[in-house]
Amino acid sequence: MKKNTLIIILTFFSLILCIFFIQETYAKYLTSTTEKTELKIARWKILVNNSDIRDNGSASATITPIFDKNDNIAENIIAPTSTGYFDLIIDSSAADVSFMYQIEVTSNENSPVKDLIATDYKINDNAKIALTEENKTIIGSVLQLDNITTTTIRVFIKWEDGETAKMNNEEDTQATKSNETAKLDIKLKFTQLA
């Protein structure tokens, strides 16, 4: 009887273990949890001469051309053959993405001086690059991995008075009598790089 009791106990114990392992193998668990993730959204804030490009406004009030002085023309005054420049300072310190910029400088149709043209440009302290009819757009990029926060583009301008000038001497004289200011159109385009 002792032997039978021992077999019954071992059988019972084996049955309990078997049920336990079967339950572990085929058990269905239902657990519910709530998680939250926070992802930082990239900022797209680029300033040109301290004007935010997202405002779609005009940065013309912040673009101040500097005209060179020479033996015949006073400083910051334009006349035929005057040369000068203006700076476009792109502040990308609050931009979290890489981007490309395109800048076009053209004569304003309402300007009394039709021969005020952009001749060259340089980016930061690099060499000058000529602007021509075939290459009249300034194109560059600011890559996030380069950690560049400020890009200065200096655009050189000139009152053209040579063979390619649109205005003749009489029109030049009329422009100098005008109380209007000479104007350039500056078109800026920024595109996020993928």
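Just so it is clear, the model here is predicted, and its values are computed rather than measured. Starting from 1, each residue takes its place in the sequence as its number.
When atom types are taken as modelled, the side chain of D52 and the backbone of R54 share a donor-acceptor pair closer than 3.5 angstrom. No side-chain donor-acceptor contact under 3.5 Å links S107 to the backbone of L184.
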- prompt: What's the verdict on side chain to side chain contact (heavy atoms under 4.5 Å, CB included) for D161 and N169, showing C-alpha distance, side-chain angles and the deciding distance?
  reply: CA-CA 9 Å; D161 194 39; N169 287 339; 4.1 Å; yes
- request: For side chain to side chain contact (heavy atoms under 4.5 Å, CB included), just list the numbers for T81 and W159, CA-CA rounded to whole Å, side-chain angles, deciding distance to a tenth of an Å, and then say yes or no.
  value: CA-CA 5 Å; T81 71; W159 183 334; over 6 Å; no
message: One pair to check against side chain to side chain contact (heavy atoms under 4.5 Å, CB included): N76 and I66. What are the steps and the verdict?
response: CA-CA 6 Å; N76 291 324; I66 306 294; 3.8 Å; yes
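A cation-pi arrangement is found for K128 relative to F156, the charged atom lying closer than 6.0 Å to the ring centre and inside a 45° cone about the ring normal.
In this structure the side chain of D91 never reaches within 4.5 angstrom of the side chain of I46, judged on heavy atoms. L188 has its side chain out of reach of I53: every pair of non-hydrogen atoms, C-beta onward, lies at least 4.5 Å apart. Between I139 and M100 there is a side-chain heavy-atom pair separated by less than 4.5 Å. Side-chain contact between V105 and I103 is present, with heavy atoms from C-beta onward closer than 4.5 Å. Considering only heavy atoms from C-beta on, D87 stays 4.5 Å or farther from I153 through its side chain. Under the 4.5 Å side-chain criterion, counting only non-hydrogen atoms from C-beta, K45 is in contact with L47. Residues F67 and Y85 have side chains not in contact (no heavy-atom distance under 4.5 Å, counting atoms from C-beta outward). Between T151 and N124 the shortest side-chain heavy-atom distance falls below 4.5 Å.
Using a 30° and 60° split on the angle between ring planes, F190 and Y101 fall in the tilted class, from 30° to 60°.
A salt bridge is defined here as a Lys NZ or Arg NE, NH1 or NH2 lying under 4.0 Å from an Asp or Glu carboxylate O, and R43 with D96 meets this definition.
Neither V113 nor I117 shares a network with the other; the hydrophobic side chains, linked directly or stepwise wherever heavy atoms of I, L, V, M, F, W or Y lie under 4.5 Å apart, form separate groups for each. In this structure, I129 is a member of the same hydrophobic cluster as I123, with clusters built from ILVMFWY side-chain heavy atoms closer than 4.5 Å.
Side-chain atoms of T83 and D68 form a donor-acceptor pair, as typed in the model, at a separation below 3.5 Å.
Rounding to the nearest 0.5 Å gives a distance of 10.0 Å between CG of N72 and OG of S82.
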